[in-house]
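A quick write-up on the structure given underneath.
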Amino acid sequence: MCGIVGYVGEQSALDVVMGGLARLEYRGYDSAGVAIRNDSGDLTVVRRAGKLGNLRAALEETDPAELSGTLGIGHTRWATHGAPNDRNAHPHVDCTGAVAVVHNGTLENFTELREGLEHRGHTLSSDTDTEAVAHLIEERYDGDLADAVRSVCRELDGSFVLVVTHRDEPDVVVGARRNLPLVIGLGEGENFLASDVTAFIAHTREARVVDQDQVVVLRRDGVTVTDLDGDPVRGEQFHVDWDTAAAEKAGYEYFMLKEIDEQPEAVRETIGGRIDSHGRLRLDELAMSDEDVQGLTQVIIVGCGSAYHSGLVGKHAIERWARLPVHVEIASEFRYRDPVLDPHTLVVAISQSGETADTLEAVRHARRQRAWVLAVSNTVGSSIARESDATFYTRGGPEIAVASTKAVMTQLVAMYLVGLHLAQVRGYRDGDEVRSHFRDLSHTPDLVTEVLGRMDPVRKLAREIAGQERVLFLGRHVGYPMALEGALKLKELAYVSAEGFPAGEIKHGPIALIEKGTCVVVLAPRHALTSKLVTNVQEIRARGARTIVIATDGDESVTPHADDLIRIPDTKSLLSPLLTIVPMQILAAEFAMARGLDIDQPRNLAKSVTVE
Ligand code: F6R
């Protein structure tokens, strides 16, 4: 949460920092601000509550001379300490206005630090924990900003990424991190710091991750990284091969709509290159010997939100194909109930961002119990990827919209591939069967394209029902996790009450929610359980529900009970989530747009949830 950018180079710092913030706005949009060291040697700080547009407007009213300079820092905020108003927007400055700080994270000893500062005569003008850091640096500064930052970091409890500049150091931006992500962008005659690489890929593709408790000194002509004692540390440089266009809207009104359309390609990329010359499925990313895979006794999948839903589908695939017991856990609950783990347990941690605090803590817990942890992440070099034993990178490209679409799709693919690989190594499925399932999976990008081409009636339907305040989603088998996903998409985008249920469960309580005209989306792709689902649909329809049924081409068993019918192409029922998910994404997006809402940046949310 919160997006941070730092820049020093030869370009207009304001342009670079604002460009970076635009790409990081998905991380939080309660307020935004910049500090520019201008050509007269002063620090100009401009900050505004609300989205980046408000900051842009304020910058337009600022004297351009005050903003012209080649060193700057910027921030887009997801509020933790203090209301989302101008006063609490970052950057924060010290008493003299010489130090400017942006911060992502929460400081646990903030009250103590603040009381100490006030006692020593500092005046704090915001409610944030961040401002304390600016004043502490003011106290410690003795001509070397990096030294002052290191000294302050040693005193901070909690999680932080800090990016700091000082009026008297015209060529220096200092960054520091603990528990949250900070990446260095390495350019020619310019260097960058950012919460993630999307902020600078328009300028450089060479990057380096900053590790735990490290401090970076960024200058125009170079970068040094030390630990908190000031000892230099080495780090690995990596190349970012994401396409810059992928981080742009490319003519779409919203990133989410573009990302929905990118799904066939994302699936294709994630599946690509998996069969070796002997016709065997390759999943080298798991990095486990065949013997260790054969010795596994259980799989535990952890994730939050949509990632958790992908894990629920993964359970079906792994249990069905590899005959291993699988438990799926919401990551924020996992470590608090003392789960039974051992070296024969494979833990799969699913996280698009790779920075979700709950999932990261689950990974740490699992590794302490000596389980083997496989991260499934979309973000190269992310904390979860680095702290796991092995990483399966989904190849979805940058996902900017807060509501996850193409990343979930690729997580589903990852689950299928893990299931098939475990089945192959453990000998539960022979080579021909694995190849046949893989072939079915390889056909899904074309089927997803076909579904996308059929979505106009779904858009129309969404606009028609956009006045509803409650929508229910029902499914069975792999349809149940997708019902949860459909409900999550609708509630986070349209702010209506949406719930997903296993269809067989509604008669045990939720059916009481049905009244005349209640919209119920029923996921009914062809499956052995379709006939049972038909009974459930009849039950709710008899009570006045408007049934919106997603059914397979040619399957007429549910048609008589559907008020609205959405058809998807035929595929194996286990793979059907890759198709049923699409109409629900479109339904949620269009429903929310019809209510005049911004589907890329739903209220109160942030893309990367780095607080527990
Ligand atoms: C919903 C959504 C969230 C994320 C969840 C986990 O559309 O995007 O529920 O799935 O916050 O995020 P990651 O995958 O980054 O750990």
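Both ligands and their constituent atoms are indexed starting at 1 by order of listing.
Using a 4.5 Å cut-off on side-chain heavy atoms (C-beta onward), V408 and H309 make no contact. In this structure the side chain of T379 never reaches within 4.5 angstrom of the side chain of Y393, judged on heavy atoms.
Ligand 1 is never approached by I384 to a heavy-atom distance shorter than 4.0 Å.
Residue, atom and distance of the protein heavy atom nearest to atom 15 (O) of ligand 1 are S353 OG, 2.6 Å. At the top of the distance list for atom 16 (O) of ligand 1, counting protein heavy atoms only, stands T356 OG1, 2.4 Å. Atom 5 (C) of ligand 1 has its closest protein heavy atom at C304 O, 3.4 Å. Scanning the protein heavy atoms around atom 7 (O) of ligand 1, the nearest turns out to be E492 OE2, 2.4 Å. Remark: minimum distance from atom 14 (O) of ligand 1 to any protein heavy atom is reached at Q352 N, 2.6 Å. Summary of contacts: the protein heavy atom closest to atom 11 (O) of ligand 1 is V609 CG2, 4.2 Å.
With respect to S306, the side-chain hydrogen bond (donor to acceptor under 3.5 Å, both in side chains) criterion is satisfied by exactly one of E492, Q352, K489, Q411: K489.
Proximity of a side-chain donor or acceptor of E399 to a complementary backbone N or O of K406 within less than 3.5 Å is detected. Panel note: side chain S31, backbone R77; no donor-acceptor pair is recorded below 3.5 Å. Proximity of a side-chain donor or acceptor of R463 to a complementary backbone N or O of F591 within less than 3.5 Å is not detected. With hydrogens and angles disregarded, no donor-acceptor distance shorter than 3.5 Å links the side chain of S388 to the backbone of A385.
The shortest N or O to N or O distance between S306 and ligand 1 is under 3.5 Å.
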| Evaluation steps, side chain to side chain contact (heavy atoms under 4.5 Å, CB included), between H365 and L341 | CA-CA 10 Å; H365 184 80; L341 303 169; 4.2 Å; yes

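Here is the list of ligand 1 atoms found below 4.0 Å of a heavy atom in G305: 9 (O).
Only side-chain heavy atoms of K489 come within less than 4.0 Å of ligand 1; its backbone N, CA, C and O stay farther off. Only the backbone of V402 comes within 4.0 Å of ligand 1, counting heavy atoms alone; no side-chain atom from C-beta on gets that close.
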